[in-house]
Amino acid sequence: MPELPEVETVRAGLARWVVGRTVASVEVRHPRAVRRHRGGGADLTARLTGLRFEAASRRGKYLWLPLADRDGSRGEALVGHLGMSGQLLVRPVDAEDEKHLHIRIRFVGDQQELRFVDQRTFGGLLLDRLVPAADRPEENVPELIAHIARDPMDPHFDDALFTARLRRRGSELKRALLDQSLVSGVGNIYADEALWRAEVHGARRAGALDRATVARLLTEVRGVLADALQAGGTSFDALYVNVNGESGYFDRSLSVYGRDGLPCPRCGTAVRRIAFMNRSSYFCPRCQHPPRATVRKIV
DNA sequence: TATTTAACCTGGACGC
DNA sequence: TGCGTCCAGGTTAAAT
């Protein structure tokens, strides 16, 4: 499923294939794909047609394409989230429709079109107003995601601020890592991988971590994201904005995620799976010693 | 206010 | 083969 590295690969594809093009038509085929657009599909279609995409931006797992208005002024963007199974594909206009094709955008004088395809429809597109970023007013972000923190790959990510905010949290560490208002772009898979690399158990209290541990964790979060981004980049195909909405190309590099019962690559101890937040967490019980309460719960 | 839970959704895997 | 159940997980509204 798309996390930061996958979304960044999509953003790079959009920057190459979509930026500079003017929307000729929009077809919304599934209302759920535009459920977060206040005016619905007809409104999105009417307001987007005739506008030109100026850039391709990203924060965490959100993408947006700022629009040049008809009079040249800026103010809105097409915002997208891929959810768990969403794909943004650039396809020839005569290519067969995908089974779960929900939105089609055609461009003026172009034989390729942008398609939003999403099996589980957790993702979607909307048109949103751009507002100044809270920490850097010269930078615009869609209003919808103004509350989301920068991701650790962002050059303006503030390590000291993150450390301070994390250490004020009373919740478990993994829950904090998945909180997009604290740090964006980290999902269930890469949270588990980063925690394993840092040799920290996700059930530890965030507020109980010392600064050195937080620094080590942040380094490993960046490391796992960078590795995944590199893997995503190597599979990039020129025709598709993103070849693979299903996770896959980073699978070979996963150390604990999805490896219940298999040996930890570092110490050989069997990897454990526990239920957490209605999903699964994977960890090495030797490298990542659980806090006492968790030991009681999983034994 | 801060934190936690449940719901949304589809298709593959699995058990019977 | 067919049916029912479980599972995957990002986001957010609702509940605690």
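Quick caveat, the model's predicted, so the values are computed rather than measured. Chain A is the first sequence line, chain B the second, and so forth, proteins listed ahead of strands; every chain is numbered from 1.
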Name the residue closer to the 5' end of DNA chain C, choosing between A:M277 and A:R273 according to the nucleotide with the nearest heavy atom.
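Mapping each residue to its closest nucleotide by heavy atoms, the 5'-most match is A:R273.
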Output one line per pair: protein atom, nucleotide atom from nucleotides 14-16 of chain C, and distance, for all N/O pairs under 3.5 Å.
none

Let me test you: for the helix from B:dA2-C:dT16 to B:dC16-C:dG2, what is the angle between the axes at its two ends (five pairs each), rounded to 10 degrees?
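So the angle between the two local helix axes works out to 50°.
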What residues form a ring-ring contact (aromatic ring centres under 6.0 Å, His included) with A:Y62, not counting sequence neighbours?
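Counting only residues at least two positions away or on another chain, A:Y62 forms a ring-ring contact (aromatic ring centres under 6.0 Å, His included) with A:H81.
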Residues which pass salt bridge (Lys or Arg N to Asp or Glu O under 4.0 Å) with [X], listed by chain and number, not counting sequence neighbours:
X	value
A:E220	none
A:D135	A:R150
A:D43	A:R47

Could you tell me whether [X] contacts a base, only the sugar-phosphate backbone, or nothing, with contacts defined as non-hydrogen atoms closer than 4.0 Å?
X	answer
A:R32	sugar-phosphate
A:D118	nothing
A:G123	nothing
A:Y62	sugar-phosphate

What are the 5'-most and 3'-most nucleotides of DNA chain B lying under 4.0 Å from any heavy atom of chain A?
B:dT3 to B:dG11
Selection residues 160-170 of chain A - residue pairs positive for salt bridge (charged side-chain N to carboxylate O under 4.0 Å, His left out), sequence neighbours left out
A:R169-A:D179
Sequence-distant partners of A:N278, side-chain contact (heavy atoms from CB on, under 4.5 Å), two or more places apart:
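Per chain and number, A:N278 pairs via side-chain contact (heavy atoms from CB on, under 4.5 Å) with no residue.
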Could you pull out all residues at least two apart from A:R129 that satisfy side chain to side chain donor-acceptor pair (under 3.5 Å)?
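For A:R129 the side chain to side chain donor-acceptor pair (under 3.5 Å) partners, ignoring immediate neighbours, are A:E143.
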Would you tell me if any nitrogen or oxygen in the side chain of A:H81 comes within less than 4.0 Å of OP1 or OP2 on C:dG10?
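No, outside the criterion.
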I need the full list of ring pair (Phe, Tyr, Trp, His ring centres under 6.0 Å) pairs touching residues 110-134 of chain A, with sequence neighbours left out, sorted by first then second residue.
none
Keeping to residues at least two apart or across chains, list the ring pair (Phe, Tyr, Trp, His ring centres under 6.0 Å) pairs with something in residues 130-165 of chain A.
A:F157-A:F162
Earlier contact from the 5' end, DNA chain B, for A:R168 and A:K99:
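That would be A:R168.
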Salt bridge check: are A:E6 and A:K61 linked by an N-O gap of less than 4.0 Å?
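Not counted as a salt bridge, because no side-chain N and carboxylate O are separated by less than 4.0 Å.
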